[in-house]
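Working notes, structure below.
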Amino acid sequence: MPRQFAGDLRQSPPDAEIRPWAALRGRPCTGYKFRRHQPIGPVIVDFACTRHRLFVEADGGRHNEN
């Protein structure tokens, strides 16, 4: 179930994640490889660099929902 939901998030990303993803994708600055909407256990993190165990959660309107 988390994998399907993560795929749905990738298809229609929240507004708060569009600009950060544009900056992180393609390893432009640091060489770190980030993935978007990565399932980690029971949660889905917005951006994940699994090699270095770095996870980023962006705040936005979707996070205000119950």
*Over all atoms of both residues, closest heavy-atom pair of Ala22 and Arg25*: O-CG, 3.8 Å
*Value rounded to 0.5 Å, distance of CZ in Phe34 from CG in Asp46*: 12.0 Å
_Minimal non-hydrogen separation, Glu57 against Ile44, with atom names_ = OE1-O, 3.9 Å
*asked:* Membership question, hydrophobic clusters at under 4.5 Å side-chain separation (ILVMFWY): are Val56 and Ile18 in the same one?
replied: no
*Are Val45 and Ile40 side-chain neighbours, meaning at least one heavy-atom pair lies under 4.5 Å?*
yes
*First locate atom CZ of Phe47, then atom CZ of Arg36, and finally report the distance between them rounded to the nearest 0.5 Å.*
7.5 Å
